[in-house]
2 protein chains.
Amino acid sequence: MKKYIDILKRNHLFSGVSEENIEAIFSCLSATFKEYKKGEYIFRQGEHIENICILLSGSVHIQSDDYWGNRSIVSEVTSGEMFGESYAVHGSSAVLNDAVATSDSTVAFLNVNRLMTVCSNSCVFHSTVIKNLLFSLTHKNRNLMQKLTHISKRTTREKLISYLSNQAKLTGSNSFSIPFNRQQLADFLSVDRSAMSNELSKMKTEGLLNFDKNNFTLL
Amino acid sequence: MKKYIDILKRNHLFSGVSEENIEAIFSCLSATFKEYKKGEYIFRQGEHIENICILLSGSVHIQSDDYWGNRSIVSEVTSGEMFGESYAVHGSSAVLNDAVATSDSTVAFLNVNRLMTVCSNSCVFHSTVIKNLLFSLTHKNRNLMQKLTHISKRTTREKLISYLSNQAKLTGSNSFSIPFNRQQLADFLSVDRSAMSNELSKMKTEGLLNFDKNNFTLL
DNA sequence: CTCGTTTTGTTGTAAAAACAACAGAAATGT
DNA sequence: ACATTTCTGTTGTTTTTACAACAAAACGAG
């Protein structure tokens, strides 16, 4: 717990909550911790979960594989971020995606039912955390909308441009690195990897952009 | 106001709140009402909004048109539903989509800042409404994920199957009607209308499904 | 360092989608 | 009831994508 406090302090869920109170909340929500090796699943499609997941170290992909084996990566979760909360809050509805560790990871689990019910210990931070959770959800919502605008583009090139210019905007620079390798980027944009590689090469020769591995520069 | 109370009672935002208290909340959040003709915009891409919108009558599409005129319909809002809340809660971030009335509509606007701050009138329903808002957001999140699974399918046929089987599941029947005409369905699934029409016809001749206008039956 | 594995780019081919144009059907307004 | 507009299905052509196969490069484990 102690070693992750700095990461948790940066989590939006605990914005406006002091270190001691974060610990109090963790205790109040009966937090547990678990380590995952690269490739292990934190939860799977169809399961029912009732814990909010917070990634303390490593990285996680929210994704789903369909009947034919096509993978779709919904989002990448980085250290300090939360995931699974949309399902945990309504434990009744089955999870639509898998959460898989893409590198060795540590995850904290917080009981969401305890969060939503009044705390008998008169833990005054419940309402703050609930509001923070609400903010996080609106943020995720906007991210999903943004992703929709990318993959609703008709051609691979347009999808790439939509995604890459958004990344440039987010980082505030024409040069940036992306958190995906080629296959993952293709799965994120819902296109074929080789066709996408081909399109990237064309765009490079046309002078639209430059890239080396995961580092891109828009020109 | 009075004439819409039945609609509002069904809104998840006011779940567990009595009629009188709904009125109190409307007063507390300085609700305003506005009528829109078919085709009019409630808000537009790039704007900043600070009111939660509740559709009291009519229907609204959340959509965006890109530089080339391609339209993407994110979701359909039906009577009693809420929209715009993901942007209103953080007034700072610009709206990513247009909200347009697809039929003559009435919309109620609720000031979200008042909701998030402690009510000086010691209006005890704030916390209930905030929790309801949180539930609604998780619901929308799951809907967006669901939509992602549809449009991340590679072929038009797979997109159609993914969407239509989900509709069948939601209505609990193999026969159901959809809230879109052909062009709107194409814009929702991010495909070309004529190609989609063509694919639907093929599926009909193959005996996969039947349709007449907006009424579909999966076989 | 070396061998085996993974990642990436490249090419060719087959399948699918976008696009465009149009005709008939349905809906709408007067 | 009629004229006009919108909606839907159909067809043919062009563009784009998926798919498959492969070689070079990069990476990792021993």
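Naming convention: chains lettered A, B, ... in sequence-line order (proteins, then strands); numbering from 1 in each chain. Only this structure's heavy atoms are used, side chains among them; waters, hydrogens and symmetry mates stay out.
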Engineer: Expressed in angstrom and rounded to an integer, what is the separation of B/Ile161 atom CD1 from C/dA16 atom P?
Structural biologist: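 One finds 12 Å between P of C/dA16 and CD1 of B/Ile161, rounded.
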
Engineer: Rounding to a whole Å, what distance do you find between B/Ile178:CD1 and D/dC7:C1'?
Structural biologist: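 From B/Ile178 CD1 to D/dC7 C1': 13 Å.
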
Engineer: Does A/His48, at its NE2 atom, have more than 12 non-hydrogen atoms belonging to other residues, nucleotides or ligands within less than 6.0 Å?
Structural biologist: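 Count over threshold, so yes.
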
Engineer: Should the pair B/Tyr163 and B/His150 be assigned to parallel (<30°), tilted (30 to 60°) or perpendicular (>60°) ring geometry?
Structural biologist: perpendicular

Engineer: Give a yes/no on whether any side-chain N or O of A/Thr156 is located under 4.0 angstrom from OP1 or OP2 of D/dT17.
Structural biologist: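 Yes, because at least one side-chain N or O of A/Thr156 sits under 4.0 Å from OP1 or OP2 of D/dT17.
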
Engineer: Out of C/dT10, C/dA18, D/dT10, which has the shortest distance to the side chain of A/Ser201?
Structural biologist: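 Of the options given, the side chain of A/Ser201 lies nearest C/dT10.
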
Engineer: Rounded to the Å, how far apart are B/Arg182 CZ and D/dC7 P?
Structural biologist: 12 Å

Engineer: In whole Å, what is the span from the CZ atom of B/Arg157 to the P atom of D/dA18?
Structural biologist: 17 Å

Engineer: Counting side-chain heavy atoms from C-beta on, which of C/dT8, C/dA17, D/dC7 comes nearest to B/Asn181?
Structural biologist: D/dC7

Engineer: OP1, OP2 of C/dA16 versus side-chain N and O of B/Arg154: anything below 4.0 Å?
Structural biologist: no

Engineer: Would you say the base of C/dA20 and the side-chain of B/Ser194 have a donor-acceptor pair closer than 3.5 Å?
Structural biologist: yes

Engineer: Please confirm whether B/Lys147 makes a cation-pi placement over B/Phe188, using NZ or CZ under 6.0 Å from the six-membered ring centre and within 45° of the ring normal.
Structural biologist: yes

Engineer: Could you tell me whether B/Lys38 atom NZ has more than 12 heavy atoms of other residues or ligands within 6.0 Å of it?
Structural biologist: no

Engineer: With heavy atoms under 4.0 Å as the rule, sort B/Thr155 into base, sugar-phosphate or nothing.
Structural biologist: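 Sugar-phosphate, backbone atoms only, no base.
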
Engineer: Go nucleotide by nucleotide along DNA chain D from the 5' end; which of B/Asn198 and B/Gln184 gets its closest nucleotide reached first?
Structural biologist: B/Gln184

Engineer: Expressed as a whole number of angstroms, how long is the span from A/Gln183:CD to C/dT5:C1'?
Structural biologist: 16 Å

Engineer: On DNA chain C, does the nearest nucleotide to B/Lys38 precede the nearest nucleotide to A/Ala195 from the 5' side, or the other way round? Give the residue.
Structural biologist: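 So the residue in question is A/Ala195.
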
Engineer: Using a cut-off of strictly less than 4.0 Å, decide whether A/Lys213 has a side-chain nitrogen or oxygen near OP1 or OP2 of D/dC27.
Structural biologist: yes

Engineer: Give a yes/no verdict on a cation-pi contact between A/Lys34 and A/Phe109, requiring under 6.0 Å between NZ or CZ and the six-membered ring centre and an angle within 45° of the axis.
Structural biologist: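 Geometry flag: not set, cation outside 6.0 Å or 45°.
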
Engineer: For the side chain of A/Asp192, counting heavy atoms from C-beta on, which of D/dC19, C/dA21, D/dA21 is nearest?
Structural biologist: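 Among the listed nucleotides, the one closest to the side chain of A/Asp192 is D/dC19.
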
Engineer: Mind calculating the distance between CG (A/Leu160) and P (C/dG9) to the nearest angstrom?
Structural biologist: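 After rounding, the reported distance stands at 12 Å.
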
Engineer: In this structure, how many angstroms lie between the P atom of C/dT10 and the CE atom of A/Met196, rounded?
Structural biologist: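 Going from A/Met196 (CE) to C/dT10 (P), I get 13 Å.
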
Engineer: From CG of A/Asn214 over to P of D/dC27, roughly how many Å is that when rounded to an integer?
Structural biologist: 10 Å

